[in-house]
Amino acid sequence: MTKVNEQVAIDHGLKKDEFKKICDLMKRTPNLTELGIFSAMWNEHCSYKSSRKHLKNLHTQGKRVIQGPGENAGVIDVDDEDAIVFKIESHNHPSFIEPYQGAATGVGGIMRDVFTMGARPIANLNSIHFGSTQHKKTKNLLRGVVKGIGGYGNCIGVPTIGGQTCFDESYNGNILVNAMTLGLVNKKKIFYSKAAGIGKPVIYVGSKTGRDGIHGASMASAVFDDKIEEKKPTVQVGDPFTEKLLLEACLELMADDSIISIQDMGAAGLTSSSVEMASKGKLGIELDLTKVPCREEKMTPYEIMLSESQERMLIVLENGKEENAKKIFDKWDLDFAVIGKTTTSKKIELYFDSKKVADIPIDFLAEDAPEYDRKWKKTKLPQKIKFKKENFKSLKINNCLIKLLSNPNICEKKWIWNQYDHTVMGDTIQKPGGDAGVVRIHGTKKAVAASVDSSATYCFAHPLTGGKQVVCESWRNLISVGAEPIAITNCLNFGNPEKEKNMGEFVECVQGISEACKYLDFPVVSGNVSFYNETKDKGIKPTPSIGGVGLLKNYKNMLTMDLKNEGNVILVIGKTEGHLDQSVFARNVLNEKKGPPPEINLFNEKNNGSTVMKLMKEKLILSCRDVSLGGILVTVAKMCIKGKKGVKLNKLKSLINKFEFFFSEDQGRYIIEVSKKNFKKVENILKENSVHFDNLGEVQKDNYIYIDNGKISVDELSKHNKNWLMEYMVQ
Amino acid sequence: MNSSVIIFPGSNCDRDMDVALKKFGFKNEMVWHDDEQLPKSDLIVLPGGFSYGDYLRCGSIAGKSKIIKSVIDFAKKGGLVLGICNGFQILTETGLLPGVLQQNKNIEFICKNVFVKVNNKNNKYFNSIDKDVLELHIAHNEGNYFCSGDELKMLEDNNLIAISYCNKKGEVNENSNPNGALQNIAGIFNKEKNILGMMPHPERMIDKFLSGEDGSIFFTNLLNNLK
Amino acid sequence: MKIKVIVTLKNGVLDPQGKAIQQTLNGMGFSSVNEVRQGKFFEVDVNEKDEAKAKIKVEDMCKKLLANLVIENFEIL
Amino acid sequence: MKIKVIVTLKNGVLDPQGKAIQQTLNGMGFSSVNEVRQGKFFEVDVNEKDEAKAKIKVEDMCKKLLANLVIENFEIL
Ligand SMILES: Nc1ncnc2c1ncn2[C@@H]1O[C@H](COP(=O)(O)OP(=O)(O)O)[C@@H](O)[C@H]1O
Ligand SMILES: [Mg+2]
């Protein structure tokens, strides 16, 4: 076996000081297997060494929170016996190398996180970011990622009910694939990863272990003999069929109380799962690696511990339950092996061929893992741009609207969601294409809404504001479908934390997220950090993706965005200040990329949202959509398109010009449709709550939007909105 | 009426089908693929999903499962066998129905509502449905029906093309064909019309909050015809 | 002993995947590609030392499972 | 000119299909099957009379589209 020295440690991605610390802790030089284990546990992905300090500031408490960050997924109370388990996770780097498998295994991984806790997955979502639509790789990456997400989720039979798709040149060399899953569990039957009890059997179940995904960096070339080619780290290949079996088998085993603790093997496979279980239970663990079911011949302890083969789980069972458990896994044709036991040693002790091959105190791997307080730089709020009259002179509202509706980031994403099974399980009551997806809680009156959002442009311009904004947008999207927002999960995609600018973006986004969550009582219950999203020194824009979840106590009160009936009144809730900086209009029509993002006023945000919820409770709202990218007119147009209706817009009473009014992206706004009969009632409630609103116009039967003295055909708008992506993909 | 839904490893519309059958009054039982005996049933359903991961060819491996022999016997004796989506694929792989379901023409998975024209009402499945066009939902990657010229002729001559993809008005044409299926075929019968294989999922359209309600018509009618 | 098998679509059977690949290749600048047909390849490892016997076994597997003779042909290499 | 290509998964890459097929064959009574690996087969019809030239073109296609070299190998027959 290779002799471990500083260079080998560096090849494993460890820093010199870190290697020294390991030798000091161990009071000896670790062997190669031990070094591999340290490198896996101490790397950014498992140890959160750059982010931990800041994540502590996130707001994680709330009256519905059953489990916050720190477990496989977060858990929230949705009344009665029911709880929702959910989390979002990134699979960015693998998806860039192999889009299909990378995205597929991303979906597989997040679903395992959720059913590990005893929940049956009931909905998937995804947030995907690609480079410029002009970039030569974009189309293939998009096609591969969408096929991969669909390929995995469709096969398991979990509906993909929503998501978000962005294009921006900062992702040219580094796409983002974030997958989110929601599961349903009985509150009394939630499973955790904390091991307990001494001498309890440790069980390996699922697929066999191969040499998949053993970290490139940690593969010191000296490990290899003559068969280097054969042993090269390989991309993980997903097997959704096995995952479906694993899901059913685990849920079957969870029906009684055989399981003490359970943990899926995700990143760093057997290493992180066994260490985490022991660490949380303050126990030791002893494994005999000879017993691990292997797919390939002659796998070494090093490879077995670091393999990232998919569709595997580690379980600590009650004594005496092995046989019954084995029966279940046999029935589902899965591997099952007792590979070790819990001990009092507080160490991880590994045996192979009856020899001890590793012996490390658990604390060294978990608690003593490095934590950095990295240097970071604040981003100053950019100067507001003064748009001059001439800027707008030559512009026509109609053309601008068409341009925005066919903008890659605004256009309809049907090409994507048509490839996702979004109706399996028979409870999807709001399909993709709305503000949030909604699924019923099977057999009850309740439903849960979920949405994923990011706004890298805003975050890049001013991370603190951007961080707040994404949380607010998520909150608005949930309210817009009639749900009460409950909690979020977050996937923090950033560049290189060793660079002060990138670290600053991270710190300030997190701060923004935290402030907004606290103010809105919208806690973070789970999440994931993905750093080093950079290629050739060029990092991505800071991209926190927020996955929000809300509850509808009665699904019959769900709202949709399609306009309902002619003669109804359309209102904009919230004040339109005319903030164009960083809007899609400014960036793509005016070609102005500077300036601050729209300001977030948390008081107004909360007040507007709560008041909209009040109106909903009184059943006064007929359709609803929040105002996001593209501003008021884009939002109204989408409501017209969905409802196949027109709108007659009133003459502006605003002081700002019409482009600012129609296309600005001021925050905290919603568009609602109310009947004439209820208009007074609505007006009173809005006034009582000091909510600013504007009367926009009236729903028309004929398919036109009337502005000023002109009109635009909704069919025409619809074509531009629906066709862009389809045409782009078939070209 | 008693129904049985067969569960293969990888089936994923088994529960949905169970919910639908029960909602419309069937007494339904779930049957594991490894069993050899079928419970007493008036209707056997092979549900949708990805039996055996759709590996090799969709439905091919399920076609070799233990229970399938009993299903074949049951069908040959005239028992009602309904295959939805993957179930249809299994029926073609076992030879109970002619032809094969190939990958969709656009090589993409398709999940959306479609219209189908009911071509033959002289059978237990569609007898006394008053609509000629139903709105149903599809979700598949391999729904592109293909068979030999002789087989097609046999299907046509005997009026065995149960449903064809069409538009809202009932016109069967190229534009209303979602997946490239031969003659817009969405579902077919065997000669005796006790076996029906179809790609659309009626079980996903059983209340007004879902993709539509025409699935309710299908199940209500089926139950009535069996009484 | 490892036996190799190729399974191809019969003539006249539509091959959507092959068609899509051909179009993509054309689009990528490989304008000289007239047609692409996609099939399957299997390597079956049988516990059998005699090649002829192994092939007979594999032929049987092809007929019973590996190929769908309605639309596919197979060839043992 | 028609060029034939076989694309196979690299050693060590999981082949879930192959595994499922092997188990099915075993279940059907073909107990002597130890392993099945599944790959793809392509027949590319190129407008090119010179075999060597045609093969060079197809090799290029393999690298750019037909095979995913991260997980697959290809062989031109
Ligand atoms: N990758 C995707 N997967 C599934 N659905 C998607 C995806 N991308 C976009 N969508 C759907 O399109 C809808 C509209 O997207 P977007 O305009 O960003 O909505 P919003 O501004 O309300 O967040 C999303 O809510 C979602 O339902
Ligand atoms: Mg929205």
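Throughout, a chain's letter reflects where its sequence line sits, starting with A, and its residues are numbered from 1.
- A pairwise comparison of heavy atoms in B:Pro9 and A:Leu245 identifies CB-CD2, 3.6 Å as the closest pair.
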Can you list the donor-acceptor atom pairs spanning chain B and chain A that come in under 3.5 angstrom?
unit_1   : atom_1 : unit_2   : atom_2 : d
B:Asn12  : ND2    : A:Asn154 : O      : 3.2
B:Asn12  : ND2    : A:Cys155 : O      : 3.0
B:Arg15  : NH2    : A:Met425 : O      : 3.0
B:Asp16  : OD2    : A:Met425 : N      : 2.8
B:Tyr55  : OH     : A:Asp239 : OD1    : 2.5
B:Ile107 : O      : A:Lys147 : NZ     : 2.5
B:Glu108 : OE2    : A:Trp415 : NE1    : 3.3
B:Cys111 : N      : A:Asn418 : O      : 2.7
B:His137 : NE2    : A:Thr423 : OG1    : 2.7
B:Arg204 : NH1    : A:Asp421 : OD1    : 2.8
B:Arg204 : NH1    : A:Asp421 : OD2    : 3.2
B:Arg204 : NH1    : A:Thr423 : OG1    : 2.8
B:Arg204 : NH2    : A:Asp421 : OD2    : 3.2
B:Asp207 : OD1    : A:Arg440 : NH1    : 3.4
B:Asp207 : OD2    : A:Arg440 : NH1    : 3.0
B:Asp207 : OD2    : A:Arg440 : NH2    : 3.2
B:Ser211 : OG     : A:Lys431 : NZ     : 3.1

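- In this structure, B:Gly53 and A:Cys155 approach most closely via the heavy-atom pair CA-SG, 4.3 Å.
- Neither the backbone nor the side chain of A:Leu247 has a heavy atom closer than 4.5 Å to any heavy atom of chain B.
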